[in-house]
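Below: the structure, in structure tokens.
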Number of protein chains: 2
Amino acid sequence: MKTYTYNHPHPAVTTDCVIFGFDGEKLKILLIERGVAPYKGCWALPGGFLKMEGENKDRDALDCAKRELQEETGLSNVYIEQLQAFTASNRDPREWVITIAHYALVRISEVKGGDDAARAEWKDLDNLPALAFDHQQIVDFAVKRLREKLRFEPVGFDLLDRKFTMTTLQNLYEAIMGVKYDRRNFSKKMLYLGLVERLDEKVTGAPNKAPYLFRFNKERYEELKIKGVKIDF
Amino acid sequence: MKTYTYNHPHPAVTTDCVIFGFDGEKLKILLIERGVAPYKGCWALPGGFLKMEGENKDRDALDCAKRELQEETGLSNVYIEQLQAFTASNRDPREWVITIAHYALVRISEVKGGDDAARAEWKDLDNLPALAFDHQQIVDFAVKRLREKLRFEPVGFDLLDRKFTMTTLQNLYEAIMGVKYDRRNFSKKMLYLGLVERLDEKVTGAPNKAPYLFRFNKERYEELKIKGVKIDF
DNA sequence: TTCCCTCTGCGTTTTTTTTACGCATAAATC
DNA sequence: GATTTATGCGTAAAAAAAACGCAGAGGGAA
């Protein structure tokens, strides 16, 4: 068996990814049921070791996280960003394993089971099973970061389908921020900022007035981002 | 020579720290002139390898960064936080070296030369020398983070002396955010929020009306932080 | 001393943004 | 056709932000 020798001790390095999705009502994350020790049978974030050699080795941690994400969801062009490293020396019982945590925003509807789909499952964020390692801590951190991000960027771009109702968008905001907004003021602000534009389509089927569909205005969003506007409630 | 052997390749791991200081006018960071290759003679962020063994080995990356900070500034109870990991496989010519970047806020007046002070120097943030490795990128990232932080927390707590004038506080805000505020509105808001309180002391010496001194109200600050108030302009 | 320059402290007014809430209406159910 | 439910559009009050006026202290210069 090939071995690798250094003059100083080196920690192992993995990446993990908190993959957020939204089903129209609740915020969810994609978890994997571990098939091997440690924490066998526990649910865990998708992740794996940094690939430092071989044909398609990783050039950096983001590369590695994207590879894991692709394997698990089949998606390759999604929003993904590094959270931070989790480095406690005892976080893995085997050896000192540093993990570089990331988070991604995906459309649940676009996710197809990955290479080993059988063990991947969307779980409600507000009702997670016990997680392996320090993954609960990572998830908490990711939620905190997502909330901060939402104050400056409409993350709905990446979590919602192209067309959506105003109520769905508001549900998303409320699910992420954990608070309630006034329906009329929410709509007014979204429209006023120009972030969403109304389509001439409506959704029927529900026992109420048929709501319009909306879509994001990417140009307007880029414009606001440069100006540094806060998209805040 | 002792060696360390693994079944998979492991990257080396360091921590680096962007140490911010404020001299009343400009934002500064503490840099070290490198005495050894690579980048010998270049300026670099204080940092070093994760200590994985020995008597006082690090328990995590933060531990390591604090140790470096203490060595360089003599300070041990300062604000320090992880930024994120920088992981490009080619960022160090020697081998794959991941660095976990941190940033710290210190009072320049409290910093005494560290163990190897001769090579440490405060540099104006807006006029940095060429930096080693990807350290310029790390600094840029740290500034970005500091700006975000300032929107929700009065970082002056950690960067200013206990007593300061309103103008000094405003200078700090302007130095960090890179914009100008109206003097009267700035003061009004700070006082209105209750974050600072006026003392009965004034500063004489300058050819103008003697300004009052102020100090932070820590209790009020904690109160606002829990309520999630944005301290924003 | 007196004039002058600078920056401070304490205002006011205007504009913009946020918050609170009223009400008629369309779609489905009974 | 009546009822229920959530939608679309609107207004008024409250709060926050932005713009700006002005007298005054403290030192320097004539």
Side-chain angles (χ1 to χ4, degrees), chain A residues 24-25 150-152 154 156 160 163-175 177-215 220 223-224 227-233, chain B residues 24-25 150-152 154 156 160 163-175 177-215 220 223-224 227-233:
Chain A
E25 295 288 333
L150 186 60
R151 301 190 64 143
F152 300 99
L160 296 179
K163 300 174 183 179
F164 48 85
T165 67
M166 191 59 80
T167 302
T168 302
L169 180 61
Q170 183 173 345
N171 284 344
L172 174 60
Y173 267 72
E174 292 180 342
M177 301 306 278
V179 293
K180 294 285 179 187
Y181 305 110
D182 180 89
R183 178 180 62 86
R184 292 151 295 186
N185 291 335
F186 182 89
S187 159
K188 211 183 311 175
K189 181 145 183 181
M190 279 296 157
L191 257 17
Y192 163 73
L193 287 172
L195 279 171
V196 299
E197 51 196 31
R198 202 175 77 178
L199 304 174
D200 272 335
E201 275 176 273
K202 296 188 176 190
V203 185
T204 57
N208 54 38
K209 191 169 175 176
Y212 282 103
L213 282 172
F214 296 82
R215 70 170 173 219
R220 176 64 176 156
E223 204 180 306
L224 286 177
K227 279 179 57 187
V229 169
K230 60 177 189 297
I231 305 150
D232 202 0
F233 282 87
Chain B
E25 295 288 333
L150 186 60
R151 301 189 66 141
F152 300 99
L160 296 178
K163 301 174 183 179
F164 48 84
T165 67
M166 190 59 80
T167 302
T168 303
L169 180 60
Q170 182 173 349
N171 284 345
L172 174 59
Y173 268 72
E174 293 179 342
M177 300 306 280
V179 294
K180 295 286 179 187
Y181 304 110
D182 180 89
R183 178 180 62 84
R184 293 150 293 186
N185 290 336
F186 182 90
S187 161
K188 212 182 309 176
K189 180 145 186 182
M190 280 295 158
L191 257 18
Y192 163 74
L193 287 173
L195 278 171
V196 299
E197 49 195 32
R198 202 176 78 179
L199 305 173
D200 271 336
E201 275 177 273
K202 295 189 176 189
V203 186
T204 56
N208 54 39
K209 192 169 176 176
Y212 283 103
L213 283 172
F214 295 81
R215 71 169 172 219
R220 177 63 177 156
E223 205 179 306
L224 286 177
K227 279 180 55 187
V229 169
K230 59 178 189 295
I231 305 151
D232 202 1
F233 281 88

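Because the structure is a prediction, the values reported are computed rather than measured.
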Task: Presence of B/Tyr181 side-chain N/O under 4.0 Å of D/dA18 phosphate oxygens OP1/OP2 - done: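 Looking at the OP1 and OP2 atoms of D/dA18, neither is under 4.0 Å from any side-chain N or O of B/Tyr181.
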- [ ] Report yes if a side-chain nitrogen or oxygen of A/Arg198 is closer than 4.0 Å to either non-bridging phosphate oxygen (OP1 or OP2) of D/dT7; otherwise report no.
- [x]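 A/Arg198 to D/dT7 OP1/OP2: no side-chain N or O under 4.0 Å.
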Task: Side-chain donor/acceptor of B/Lys188 to base of C/dT12, under 3.5 Å - done: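 Yes, a donor-acceptor pair under 3.5 Å.
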TODO: Check if the side chain of A/Arg183 and the base of D/dG8 share a donor-acceptor pair of N or O atoms closer than 3.5 Å.
DONE: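 Such a pair exists between side chain and base.
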Open item on the list: On DNA chain C, compare the nucleotides closest to A/Pro207 and A/Lys189; which residue's is nearer the 5' end?
Closed with: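 Between the two, 5'-proximity favours A/Lys189.
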[N] [atom2] sits how many Å from [X] [atom1], rounded?
| X | N | atom1 | atom2 | answer |
| --- | --- | --- | --- | --- |
| A/Gln170 | D/dA6 | CD | P | 13 Å |
| A/Arg151 | C/dT18 | CZ | P | 11 Å |
| A/Asn185 | D/dA12 | CG | C1' | 12 Å |
| B/Tyr212 | D/dA25 | OH | C1' | 11 Å |
| B/Met166 | C/dC10 | CE | C1' | 12 Å |
| A/Asp182 | D/dG10 | CG | C1' | 13 Å |
| A/Met190 | D/dC9 | CE | C1' | 18 Å |
| B/Glu201 | D/dG26 | CD | C1' | 18 Å |

Mind checking [X] for me? I need base, sugar-phosphate or nothing, with any heavy atom below 4.0 Å counting as a touch.
| X | answer |
| --- | --- |
| B/Thr165 | nothing |
| A/Phe186 | nothing |
| A/Ser187 | nothing |

Open item on the list: From C-beta outward on B/Thr204, which listed nucleotide comes closest to its side chain: D/dT5, D/dG26, C/dT8?
Closed with: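 For B/Thr204, the side-chain atoms sit closest to D/dG26.
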Task: Closest to side chain of A/Arg184, choosing from D/dG26, D/dT7, D/dG10 - done: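 Looking only at heavy atoms from C-beta outward on A/Arg184, the closest nucleotide is D/dG10.
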- [ ] Please list, chain by chain and in numerical order, all residues satisfying side chain to side chain contact (heavy atoms under 4.5 Å, CB included) with B/Arg183, sequence neighbours excluded.
- [x]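 Side chain to side chain contact (heavy atoms under 4.5 Å, CB included) check on B/Arg183 returns B/Gln170.
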Open item on the list: Using 0.5 Å steps for rounding, measure from the CG atom of B/Leu169 to the CE atom of B/Met190.
Closed with: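 The distance works out to 5.0 Å.
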TODO: Run the ring-centre check on B/Phe186 versus B/Tyr173 and record whether the distance is less than 6.0 Å.
DONE: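 Here the rings of B/Tyr173 and B/Phe186 have centres that are less than 6.0 Å from each other.
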Task: For the student: nearest non-hydrogen atoms of A/Leu195 and A/Pro154, plus distance - done: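 Between these two residues, the closest heavy atoms are CD2-CG, 4.1 Å.
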- [ ] Compare every heavy atom of B/Met166 with every heavy atom of B/Leu191, then report the nearest pair and how far apart it is.
- [x]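 Scanning both residues, the minimum pair turns out to be CD1-CE, 4.0 Å.
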